[in-house]
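Read the structure below first, then the notes.
Keep in mind the model is a prediction, meaning the values are calculated, not measured. Every chain is numbered from 1, with letters handed out A, B, ... down the list of sequences.
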Amino acid sequence: MTSVLQRRQFSLMAAFFQTLFLILFSVFCRYTDPLEESRRVYSGTDYPLFQDVHLMIFVGFGFLMAFLKRYGFSAVSVNLLLSAFVIQYAILLRGFLTKRFHDTGYFTIGIPEMVAADSSCAVVLITMGVLLGRLTPSQFLLLSFFETSLAVCVEHVVFNILHVNDSGRSLCVHTFGAYFGLAAAVVGTKKNVMEMDEQGGIHHSDLFSMIGTLLLWVFFPSFNASVQEPEDARHRAIMNTYLAMASATVTTFLFSSMVDKLARFNMIHIQSSTLSGGVAIGCAANVILLPFHAVSVGVIASIFSVFGHAWLSPKMERRFHIFDTCGVHNLHGLPGILSGIIGIFFAWFYDAESYGKTLYHIYPYWKGGPMNGDRENQSQALYQLAGLTIVLSCSICGGLLTGLILRIKMWNQVDDPNLPHGETNYYAHADVSYLSKYRHAQEEQQLRERERLHEIY
Amino acid sequence: MTSVLQRRQFSLMAAFFQTLFLILFSVFCRYTDPLEESRRVYSGTDYPLFQDVHLMIFVGFGFLMAFLKRYGFSAVSVNLLLSAFVIQYAILLRGFLTKRFHDTGYFTIGIPEMVAADSSCAVVLITMGVLLGRLTPSQFLLLSFFETSLAVCVEHVVFNILHVNDSGRSLCVHTFGAYFGLAAAVVGTKKNVMEMDEQGGIHHSDLFSMIGTLLLWVFFPSFNASVQEPEDARHRAIMNTYLAMASATVTTFLFSSMVDKLARFNMIHIQSSTLSGGVAIGCAANVILLPFHAVSVGVIASIFSVFGHAWLSPKMERRFHIFDTCGVHNLHGLPGILSGIIGIFFAWFYDAESYGKTLYHIYPYWKGGPMNGDRENQSQALYQLAGLTIVLSCSICGGLLTGLILRIKMWNQVDDPNLPHGETNYYAHADVSYLSKYRHAQEEQQLRERERLHEIY
Amino acid sequence: MTSVLQRRQFSLMAAFFQTLFLILFSVFCRYTDPLEESRRVYSGTDYPLFQDVHLMIFVGFGFLMAFLKRYGFSAVSVNLLLSAFVIQYAILLRGFLTKRFHDTGYFTIGIPEMVAADSSCAVVLITMGVLLGRLTPSQFLLLSFFETSLAVCVEHVVFNILHVNDSGRSLCVHTFGAYFGLAAAVVGTKKNVMEMDEQGGIHHSDLFSMIGTLLLWVFFPSFNASVQEPEDARHRAIMNTYLAMASATVTTFLFSSMVDKLARFNMIHIQSSTLSGGVAIGCAANVILLPFHAVSVGVIASIFSVFGHAWLSPKMERRFHIFDTCGVHNLHGLPGILSGIIGIFFAWFYDAESYGKTLYHIYPYWKGGPMNGDRENQSQALYQLAGLTIVLSCSICGGLLTGLILRIKMWNQVDDPNLPHGETNYYAHADVSYLSKYRHAQEEQQLRERERLHEIY
């Protein structure tokens, strides 16, 4: 009985959540009417940006993690599962935090809510990058549930209570996801799946991984601009991200070659550090007014990221036994913190009058605005610092707690590679043992063969 | 002489059709002028959606079928050939059915006609999924010609004469394509290419296939919304598809694990059933008003699809000898029929007044509208049923007939794998024997070598 | 010392350029304000088209060149490096040529400038296609610098001084890039990397290459329409490209089968000639008024392209020792020249009055327009011819000169494959010797092992 429960653990868990979602959707959720409400028209500008972000989440993040030979298919398909799960959960959770829900007892959803739901997927996928190959699907599903719950609440505090500016969600998505994952990795399982691979030749998987890198590279301006509202802020978010990506890429190649004794490029730098510019500009993408500030941010971010890969990650593995499968810390963690610092810096030093009338879209609680705020440069900068602190502390505490919960023997665990081979229990191992079409076809074939023989004899 | 004719069959056929298209375009086809006519502006909303659909057709469908190791390149390139052929043919055929053509003797084309042409490609590509690896390019070209002719006419009847609502074209594209292909497979060639593969390790091809799956997954909302016109109907089509996709994906993983004794996920379910939500919501995507209805449709569709893969397909192979290379029946066939039923259901039970002024865009022949229609809930539901019936019967009859035509010995046929190897005739085998760049380069190299030697001696 | 300088050559070069860019951006570059200036709104129409082009450049071109087994990763990553470099350089260079810069001492950038910068990337990437596998990253960086400098100046002359119509930039991008590369290949290194590959089985790389082909195929209408301004010209550019692509594809399959003795399709034709329609229509995409003209252009272009692959390229290799790694001449060179001729033809023979009020957007110097031009059919056609001549002569001279510069022994060179193996100097070889994640992980692993042993003993 226990064995059956354990084998069917994933199915039961998924069935429970999907049923719960169905009920909650039926009671509390309605669609926004684009004709009646005085919203900006969605289809001219928002839907194409949503599709760019959607492509990043499902194809970009999926293939970025496909570089591990044995886990390539697993990465792409678990990515799909978790995203589909988080989309539904995040829509519901955000809905419960809206003013409309408190007033009327139901909430409405539209294109902007879809963009927000997709950004919640990114949080979980970044965390998945740290833990890839070391959790079973059941554990990943639980992780998604806990992490999304916390992430949506933290985001609510940061945006709607502290009125922090985080235009590309570098704090709430990249920093949160990275440190949550790293904290979970400390207390969770410590094995490094890299060690389990026998072969070194991984040419094709690296090309698959580049599909992910390039899609994220191409659509990062859309990601950082997708929730920006006045035309000029969106324009700045697009342009700043574009320039930061370009300068970060050149600098990544520069330092990747520099840190190797034989001046070779390192594939992992090219696959991840080239994206660091987009993460680091995130928090202030709508704020930066001068092109060369964006170019500088890209240069600094990629230096951090390459040195993180080259020096920090090996040290973290050896000293603190924190294994980071996809190098998430150097792509999302460090540049995320950098992004928070840049946000503080520009809130402090930029003259607020340069934004003109659209200032209150960027810093809603600035003095003289419609919210009767009282902030000035220093106070806004302090709030930005508070945002960064809250994101970091909540993500680390949440990650540690979730890691502890996932260690409970009740959940299916990935096999210990040190166990003798006979003790492998297949169903706990489900993230690598997919039934392929061919195995399926072969089994069918054998079945038919036997049937045919049966007919004859 | 016969041998030359047979070897050049494909070229002659393609030359005939391309010349015919050229003549027809020159005599009958003009461009729409976006400045003069009172059309909605195309570029703000329509062109981005068209590009999403375009990407689905050419990259999504192509790579979805790339999972067969020997046929990967063939799938992707024949997909390109047939799409380029059908685009031209469908534009001409639809043009001949327009009112403007009957009035003035020519027809005009613009962005909406491009979207329609791309959806005709989808019909043929779905059918190709059933027959992949079992037809030669000549046969595929003929098949495209016959199928598109019938599909465009059936679509004309369903939309313009019966005024059936089929917003995402689930009836006219998915259901039609799937049953046409299955019927052609009954009378056509019965070999299963799966059996011809010796090796089971198909890791990389499965990752390629996931590129297709994910692109279709991401852009399905655009596919279902691309031809929807009033802003609110398009908004509903997008949102409903998005939610149905998410719930179908979670449920697919749930049941895929459930139907396996060892609770493993099955790759073919992940690669196809996760898309069933988008197919099943198609017919009613612009109709459904409540989010939880969309979520429910997704759940039901994926259950049908997974059980189709697990129980129905093996039975169809054994009992009726219908071989379905890519499992099209479970991705497009069953969810397509489900979609028709859902369309009937919602036409019957939804209160028509909830749509407000845009009701007549959805059900043009509803009473009180500009077309002086007389339909009410029940009558519209009956017309929806009529639409489903016509699509099913026409596709099956057309498929049977086409299958018979393709069996005629006149056309190049794929080699029988049971023949002794020496009797393989290469040119009939063209869908696997591509000349690679390398073979070409090697031949060139040998040529140069020989020339060099010649110079010396 | 010399050895260190040579090993760090790439890093030093990249550091020099990136620092220079940073300074120039800080002094001369500002953002366009989308709210203040009387520009058309960018986000409704321009940003989605920009994203299509962006995807073509980074993913499309990158994977198109990924077919060489040993150079797959190199192609994709050097593509990324050069694009990120050229984006920054082209923005600066174009800025210095603007009227605003001459008036005020600084220039502004926005979405249209991003599109232009991306099209400059395409020039360099096309040239890279000729030389792939035969230059080191240092050499590629230098090449990008020289080529972009020349290309932007030539484009300035063609567009702003001669007022030539080149809507899809077939002259300034495709023709220029192809002949620049071929000229550089004559005087530069003459080795053919194809010969260096031992194995013929390249199934997966060919599928990767098809990702590139299909993305370029799908987004070619956006490429040709991205800089078109009046609604009707953009509409024509989209529709003409769409039809030319479709007819070129069918014709490519037709002739690819025709030129093979056994009627097999040739992969290289499918991967490149199918795109020739989009290149050939480029120069006149906004001009052509009748659908069948577009269909005809596609047919003619693909015939040129296939025969180029089948007859011209082998002859060029044998007679003139011009090696063209990716067959760029047949995809961009020949169809580019064809495009120029088509531009001349349609300027001469089309009645200018058919364009109505938007004539002066297409041919700004036509008589009676706001620029007080004096051109008529013949004179405009002559200017179109002048444009083609200038592009061809400048690209060939520039390519020859750059090829000579790149031969200087000072720069890192790719190893001569005829050298004995021991003399290979790794750091000059950097475009194939990437440090993989796995090698890195294994080295780390060994390090940890040794440390652990150290702890024990």
Side-chain angles (χ1 to χ4, degrees), chain A residues 7-8 10-11 14-15 17-18 21-22 25-26 29-35 41-44 47-48 51 54-55 58-59 62-63 66 69 72-73 76-77 80-81 84-85 87-88 109-111 114 137 204 208 211 426-427 430 433-442 444-445 447-448 451, chain B residues 44-45 48-49 52 67 192 194-195 197 199-200 202-204 206-207 210-211 213-215 217-219 222 230-232 234-236 238-239 242-243 245-251 253-255 257-258 260 262-268 270 274 289-292 295-296 299 314 317-318 356 358:
Chain A
R7 199 164 66 228
R8 298 301 174 199
F10 171 80
S11 295
F17 282 120
Q18 189 59 51
F21 293 163
L22 197 57
F25 269 113
S26 78
C29 183
R30 302 290 175 268
Y31 286 138
T32 307
D33 186 341
L35 296 182
V41 182
Y42 73 90
S43 47
Y47 185 66
Q51 273 298 359
H54 208 41
L55 198 64
F58 282 88
V59 191
F63 278 94
K69 212 176 191 176
F73 191 80
V76 176
S77 63
L80 179 62
L81 167 68
F85 174 82
I87 277 176
Q88 299 179 70
I109 57 173
I111 308 284
M114 285 161 69
H204 287 120
F208 278 112
I211 296 177
Y426 281 107
Y427 53 89
S433 66
Y434 284 85
L435 257 180
S436 84
K437 291 179 190 178
Y438 291 88
R439 221 190 301 168
H440 191 72
Q442 280 167 0
E444 285 303 319
Q445 174 72 0
L447 212 74
R448 274 199 299 278
E451 270 182 39
Chain B
T45 51
L49 285 176
D52 293 352
F67 69 94
N192 189 355
M194 298 269 215
E195 302 172 18
D197 256 320
Q199 294 163 309
I202 35 89
H203 186 75
H204 287 121
D206 267 319
L207 270 179
M210 278 305 280
I211 296 177
T213 303
L214 292 176
L215 284 179
W217 206 98
V218 163
F219 293 118
S222 301
E231 194 77 349
D232 61 335
R234 178 171 279 187
H235 190 258
R236 279 197 300 271
I238 289 171
M239 300 295 305
Y242 181 74
L243 289 177
M245 301 297 293
S247 66
T249 301
V250 174
T251 319
F253 277 86
L254 193 172
F255 280 94
S257 164
M258 196 83 108
D260 185 64
L262 297 171
R264 294 167 296 183
F265 298 126
N266 191 320
M267 285 183 177
I268 204 168
I270 295 169
T274 48
L289 289 163
L290 291 172
F292 93 97
V295 174
S296 313
V299 169
E317 293 197 9
R318 260 173 295 164
T358 57

Ile238(B) and Met114(A), any side-chain heavy atoms less than 4.5 Å apart: yes
Quick check: closest heavy atoms across Gln88(A) and Val295(B), and the distance to 0.1 Å? OE1-CG1, 4.1 Å
Rounded distance (nearest 0.5 Å) linking atom CG of Leu80(A) with atom CG of Leu214(B): 6.0 Å
With distance as the sole criterion, is a donor-acceptor pair present between the side chains of Gln18(A) and Ser247(B) under 3.5 Å? no
Taking the ring of Tyr242(B) and the ring of His54(A), is the distance between their centroids below 6.0 Å? yes
Identify which part of Phe255(B) has an atom lying under 4.5 Å from any heavy atom of chain A, answering side chain, backbone, both or neither. neither
When every non-hydrogen atom of Pro291(B) is compared with those of Tyr31(A), the smallest separation belongs to CA-OH, 3.6 Å
Given the side-chain rings of Phe292(B) and Phe21(A), with only the six-membered ring counted for Trp, is the space between their centroids under 6.0 Å? no
Counting only heavy atoms closer than 4.5 Å, note whether Ile211(A) contacts chain B via side chain, backbone, both or neither. side chain
Taking Leu290(B)'s backbone N and O only, do any of them form a donor-acceptor pair with Arg30(A)'s side chain (distance below 3.5 Å, no angle check)? no
Based on non-hydrogen pairs under 4.5 Å, which of Met245(B), Met258(B), Met210(B), Met239(B) is most in contact with chain A? Met239(B)
Heavy atoms only, distances under 4.5 angstrom: which of Leu81(A), Ile109(A), Val59(A), Leu22(A) has the most pairs with chain B? Name it, please. Leu81(A)
Correct closest heavy-atom pair for Ile87(A) and Ala246(B) would be CG2-CB, 4.1 Å
Which residue out of Ser11(A), Gly110(A), Gly62(A), Ala14(A) racks up the most heavy-atom pairs below 4.5 Å with chain B? Ser11(A)
Any side-chain heavy atom of Gln51(A) sitting closer than 4.5 Å to one from Pro48(B)? no
pair Ser296(B)-Phe25(A): side-chain heavy atoms closer than 4.5 Å: no
Show the nearest heavy-atom pair for residues Ser77(A) and Ile270(B), with the distance to one decimal. CB-CG2, 3.8 Å
For Thr358(B), check side-chain hydrogen bond (donor to acceptor under 3.5 Å, both in side chains) against everything at least two apart and list the hits. Asp232(B)
Compare all side-chain heavy atoms of Phe58(A) with those of Thr213(B) and state whether any distance is below 4.5 angstrom. no
Contact part of Thr274(B) toward chain A, heavy-atom cut-off under 4.5 Å: side chain, backbone, both or neither? side chain
Mind checking whether Leu207(B) and Phe63(A) have side chains closer than 4.5 Å, heavy atoms only? yes
Less than 4.5 Å apart, side chain to side chain, heavy atoms only: is that true for His235(B) and Thr32(A)? yes
Toward chain B, the part of Phe10(A) with a non-hydrogen atom under 4.5 Å: side chain
